[in-house]
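Everything below concerns the one structure shown next.
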Protein chains: 2
Amino acid sequence: MLDIASSSLIPKTPAASPETPGGSGSSALLNHMARIMRLQAESALAPLGLRPRHLVALSILRDHDGGTQQTLAALLSIDRTNLVGLLNDLETEGWIERRRDTEDRRRHLVVLTETGSEKLADAEAALVNAEDHVLRGLDEAQRQQLQSLLQLAAAGHAAGHAGGCTEQEPIGHGSACLAAQADEELGAC
Amino acid sequence: MLDIASSSLIPKTPAASPETPGGSGSSALLNHMARIMRLQAESALAPLGLRPRHLVALSILRDHDGGTQQTLAALLSIDRTNLVGLLNDLETEGWIERRRDTEDRRRHLVVLTETGSEKLADAEAALVNAEDHVLRGLDEAQRQQLQSLLQLAAAGHAAGHAGGCTEQEPIGHGSACLAAQADEELGAC
DNA sequence: CAACTGCTTTGCGTTGCACAAACCATTTGC
DNA sequence: GCAAATGGTTTGTGCAACGCAAAGCAGTTG
């Protein structure tokens, strides 16, 4: 006999009880919602010549303008050889510039150009409908709340680089953090 | 001259103002945080023989047990040929079963097995540290809040399938939703 | 000046998909 | 009764987004 009660598309219980310490279940939910958002974002961004990974990089650059490639790779948690390719895309379009650090000419400082800032603003305007659609289960206040919490989490992650280990290393490895070292150097200048 | 003020890892301004209608900026933040979470999750899940996409599928199944493959594909927003491969993985491990629908023998109903429920619980226990680490910028109440908002968003997405178009189609296409059709059929039984 | 660092290029491999075509079993509608 | 449609499966191709390794160049450091 068909089990009707359990076959509805509407979830019957939350994945984790609200009182669960450490909030287990966030991982699956983040993955799931991010994937759905990305599918919508790809359609919205394609006419602008952007891909979601470009958007993420430009957003991070807006907040961390003028940092080194090392710190960017750490913030984005990607391999530096992949960062090079990503920045090549953005530079080719004129959205960023690599500027040689006068204090250490081995380094580039990566800055968002005016064109890049405008493109990012265009992209975010293009995404409003996509985000409204994907987040239609939330009201306006809840969307703001989600955004704020994600921003706090991202800031905590960035700050964690200043004080801890790289994301690529699983938790517990004690090696010095590249971003932390770079940040300390900048702080000392 | 090195621009110290703009080179810190700590973001200087939020990506979007809290009063921005539609909360633009969620897309980049979701992508970014999901990727960071996934990197940690992969390490935590590997000893259990799970990958993040397995975790997402098992989590969705816990909430939507006994649904058809069609509705699962719609919920997960993946192509049905990819769903077959994903379910083959889960079935091989004994975490799910495909049961023939006695009312329509073309269909399988996909159910989480007891082994699968246990494996999912194990996975979530393994992820507690990863989630604590990735979300260390949030306090306990904020993590619960984030989880609740993501669950609401996921529920809204699932409900949206009951009443609207598929995720694969960009917003605005008016074709009938497969999941909506399936859910209506189930509701009528 | 050797050793190290920041970045770049090239190459290889894996994962997670989308998409297409073809097929089988079953149901539906005329 | 049968053609058309449906649910699922298999095979194949291609692509994006990575990780990782090796090698090399320019520049800095001790």
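Quick caveat, the model's predicted, so the values are computed rather than measured. Protein chains get the first letters and strands the later ones, always in sequence-line order, with residue 1 at the start of each.
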By nearest-nucleotide position on DNA chain C, the 5'-leaning member of Arg38(A) and Arg100(A) is Arg100(A)
* To do: Answer yes or no: is there an ion pair linking Glu124(B) with Arg62(B), defined by an N-O contact shorter than 4.0 Å?
  => yes
Side-chain atoms of Asp104(A) come closest, of dC7(C), dC17(C), dT28(D), to dT28(D)
Between CD1 of Ile96(A) and C1' of dC7(C) the distance, given in whole Å, is 13 Å
Rounded to whole Å, the CG-P distance (Leu39(B) to dG19(D)) equals 7 Å
Each nucleotide of nucleotides 9-17 of chain D classed B (base within 4.0 Å of a protein heavy atom), S (only sugar-phosphate) or -, in 5' to 3' order, makes BB-----SS
The reported gap from CG in Leu90(A) to CG in Leu61(A) (rounded to nearest 0.5 angstrom) is 7.5 Å
Have Arg99(B) and His108(B) got a donor and an acceptor in their side chains that come within less than 3.5 Å?
no
note: Asp101(B), atom CG; dG7(D), atom C1'; distance rounded to Å ~ 11 Å
Pairing of Arg51(B) and Asp89(B) as salt bridge, 4.0 angstrom limit: no
Here the distance between atom C1' of dG16(C) and atom CG of Asn31(B), to the nearest Å, is 14 Å
Rounded to whole Å, the CG-P distance (Leu86(A) to dC7(C)) equals 14 Å
Using a strict threshold of under 4.0 Å (side-chain N to carboxylate O), is an ion pair present between Asp101(B) and Arg106(B)? no
Q | Any Arg105(B) side-chain N or O less than 4.0 Å from OP1/OP2 of dT27(C) | A | yes
Leu50(B) atom CG is separated from dG16(C) atom P, nearest whole Å, by 12 Å
Any side-chain donor near an acceptor of the partner, Arg98(A) and Gln69(A), under 3.5 Å: yes
Atom CZ of Arg107(B) and atom P of dT6(D) are separated, to the nearest Å, by 12 Å
Practice task
Taking atom types as modelled, find out whether Ser26(B) and Gln147(A) have a side-chain donor-acceptor pair closer than 3.5 angstrom.
Solution key: yes
Rounded to whole Å, the CD-C1' distance (Glu103(A) to dT29(D)) equals 15 Å
Any donor-acceptor N/O pair under 3.5 Å between dT28(D) base and Arg106(A) side chain: no
